[in-house]
Number of protein chains: 2
Amino acid sequence: MTKVNAHVTTRGQAVHEALRDLVLSGQLAPGTRLNEIELSQRLGVSRTPVRAALTALATQDLIDYTPNSGYAIRTYSARDLENVFEVRAVLEGLANRQAAEAGFSPEGEARVGDILDRTAALVSGGEWSAQVCDRWIELNIAFHQAINRTAGNQRLLTILERSPLPFIYALRYHWFTLDIVSKAHDDHVEMVAVIKNRQIGRAEAIGREHIYRTTKPLIDKWRDLERLQQQDGRQIADLLQPLCTTDQSSDAGRDCLV
Amino acid sequence: MTKVNAHVTTRGQAVHEALRDLVLSGQLAPGTRLNEIELSQRLGVSRTPVRAALTALATQDLIDYTPNSGYAIRTYSARDLENVFEVRAVLEGLANRQAAEAGFSPEGEARVGDILDRTAALVSGGEWSAQVCDRWIELNIAFHQAINRTAGNQRLLTILERSPLPFIYALRYHWFTLDIVSKAHDDHVEMVAVIKNRQIGRAEAIGREHIYRTTKPLIDKWRDLERLQQQDGRQIADLLQPLCTTDQSSDAGRDCLV
DNA sequence: AGGAAGTGCATTGGATACAATAATGGAGCC
DNA sequence: GGCTCCATTATTGTATCCAATGCACTTCCT
């Protein structure tokens, strides 16, 4: 789709990004083994850069690694998800607090305002489709990036950007509803106002709460899936399939890197 | 010293641990390039496991990586350090809060009590030497591990254990004084009491403050070094050397892994 | 028939050879 | 004398080969 690989200089990095997207897209069921040879053939490179990428991904906890056995798509329990978001909540709280302490730069304020306007237009439109949802996700990511950048904490920025909401992206059209998205937007508006007013304590609290509120539906849904799994004896992967009917066509066709 | 490598099954993992210790020990000056061939010869393996280890360490932000150029010991500014500890503070706060929510297990409570007793004995002894300091560091790490384990948040545990206080260990004998260590111990005692009483809000606040208090002297010291660097035009590495006169003999002699 | 040991295969781990890139030094030119 | 360009060299990036481990299947023994 887009030519984002301009800054990539080595095959290892290119494979790293490709596999990262593959894992995050949720196209691979949890537990799926990642065969080095298969991946290298699929990507048109040797095993060496594939192994480098797998090492990096495993270090980031995006995939599981078992010595002398290999790599596999990570399996998340509902408890795992809860933990991930609990951590993220306090980190976003910190980001908001530090953003309120630092205050917006003129450019940052303009950018955030622009993002909010676009989001408002999208949400108030009343219609909700896969395209709109994807567009909203983009704006949402851009918004949080802008806030986190305002905080001026490089370390925090790195951690937040490196721990994306995992494979859950596959659930996005079921997770995000117009209702949830509207509430999220209200949160965003309030966050910006509080940061502008330099209300440090409130900024942190709102940042935290925003994550809890937004992710609770997802955790609940995941817990339901776990329950179903135990009742039916089916794998989560099977239960997940019916939800993964979104267009994966756009992601196909990038078998080769060069 | 100890036989900790029992769980290591591949050379790559062994090299990873060895290089990790090397980096964290602070024996290498910031900016020092990590030559793959040199490292492989020094460790008695080929470049392959060395590269795997370097990839992992760079992913963990313990070293810098520049494509087609190589890896180097990371350089921390005082601001970087501050950011690292700001993040750690909120994470330790979360750990304490969740520990207070969960409460101690009988074994956990016994273990924490034991650690506190030993620390109290060490601190109240009144004497302070490199050996005592090292012993205290062990107890300190064990204490925080015990607390973090009580929180029952695997994700949090992983992040905290993977972002150790960087190469600063080299400064430990100058950073930790009997005064600071005593105050830290008082914090620990209070933390345990608050967790036992299930005072959730206080637990979080104390966990945060504990990190801020403990690390502030280090950040100040680092900032002084930066100032000296600008005045004298000398590199931080040079200014750091006089402080690194601790016994490095114990770390020598592990040139070969097997 | 059930279990345990052994054999063969698939896959990962490690070493080495080769290619590509960047840094360094010197020589030539302005 | 200084600057630029080119060539050489050192180092990283990639591919391939070999070794070692683990797993599954078979087979044999009880």
Side-chain angles (χ1 to χ4, degrees), chain A residues 5-20 22-23 28-29 31-75 254-258, chain B residues 5-20 22-23 28-29 31-75 254-258:
Chain A
N5 295 19
H7 64 287
V8 171
T9 56
T10 70
R11 294 205 211 302
Q13 293 202 313
V15 173
H16 181 41
E17 290 198 1
L19 289 184
R20 186 170 184 272
L22 186 67
V23 170
L28 279 57
T32 304
R33 296 199 53 200
L34 296 169
N35 187 303
E36 294 178 2
I37 299 173
E38 185 189 324
L39 289 174
S40 63
Q41 287 172 350
R42 184 166 164 186
L43 297 170
V45 296
S46 80
R47 276 177 59 209
T48 306
V50 171
R51 291 183 56 183
L54 290 174
T55 302
L57 290 172
T59 305
Q60 292 177 326
D61 265 341
L62 284 178
I63 57 178
D64 285 330
Y65 169 64
T66 311
N68 288 312
S69 172
Y71 301 84
I73 299 294
R74 200 183 144 173
T75 304
R254 57 168 161 191
D255 296 359
C256 189
L257 291 170
V258 288
Chain B
N5 295 18
H7 65 286
V8 171
T9 56
T10 70
R11 293 205 210 295
Q13 294 201 315
V15 173
H16 181 41
E17 290 198 0
L19 290 184
R20 187 170 183 274
L22 184 67
V23 170
L28 279 58
T32 305
R33 295 197 55 198
L34 296 169
N35 187 301
E36 295 177 4
I37 298 174
E38 184 189 325
L39 288 174
S40 62
Q41 287 173 348
R42 183 166 167 186
L43 296 169
V45 296
S46 79
R47 278 177 57 208
T48 307
V50 170
R51 285 178 61 91
L54 290 174
T55 301
L57 290 172
T59 305
Q60 292 176 327
D61 266 342
L62 284 178
I63 56 178
D64 286 330
Y65 169 63
T66 310
N68 286 312
S69 171
Y71 302 85
I73 300 294
R74 204 184 139 172
T75 303
R254 56 168 163 191
D255 297 358
C256 189
L257 290 169
V258 289

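Just so it is clear, the structure is predicted and the values come from calculations on it, not from any experiment. Per chain, numbering begins at 1; letters A, B, ... match sequence-line order.
Residue contacts shown for B:L54 are absent, as no nucleic acid heavy atom lies under 4.0 Å away. Within 4.0 Å of B:Y65, counting heavy atoms only, lie sugar-phosphate atoms of the nucleic acid but no base atom.
Each salt bridge (Lys or Arg N to Asp or Glu O under 4.0 Å) pair with one or both residues in residues 50-69 of chain A, not counting sequence neighbours, appears once here: A:D61-B:R162.
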For this session: Start with the C-alpha gap between B:L62 and B:R74, add the side-chain angles, then the distance that decides, and say whether side chain to side chain contact (heavy atoms under 4.5 Å, CB included) holds.
Result: CA-CA 7 Å; B:L62 284 178; B:R74 204 184 139 172; over 6 Å; no
Exercise. Are B:H16 and A:T59 close enough, and set up right, to give a side chain to side chain contact (heavy atoms under 4.5 Å, CB included), and what steps lead you there?
Worked result: CA-CA 11 Å; B:H16 181 41; A:T59 305; 6.0 Å; no
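You can see that DNA chain C meets the heavy atoms of chain A within a 4.0 Å-exclusive cut from C:dT11 to C:dG14, reading 5' to 3'.
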Exercise. What string of B, S and - do you get for nucleotides 16-25 of chain D 5' to 3' if you count protein non-hydrogen atoms under 4.0 Å?
Worked result: BB---SS---
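Between the CZ atom of A:R11 and the P atom of D:dG13 there is a distance of 13 Å, rounded to whole Å.
Residues B:Q60 and B:V23 have side chains not in contact (no heavy-atom distance under 4.5 Å, counting atoms from C-beta outward). Residues B:L34 and B:L28 have side chains in contact (heavy-atom distance under 4.5 Å, counting atoms from C-beta outward). In this structure, A:Y65 and A:T55 have side chains that are not in contact, with every pair of non-hydrogen atoms separated by 4.5 Å or more.
Going from atom OG1 of B:T32 over to atom CD1 of B:I63 covers 12.0 Å, rounded to the nearest 0.5 Å.
In plain terms, the two heavy atoms of A:A53 and A:L19 that are nearest each other are CB-CD1, 4.0 Å.
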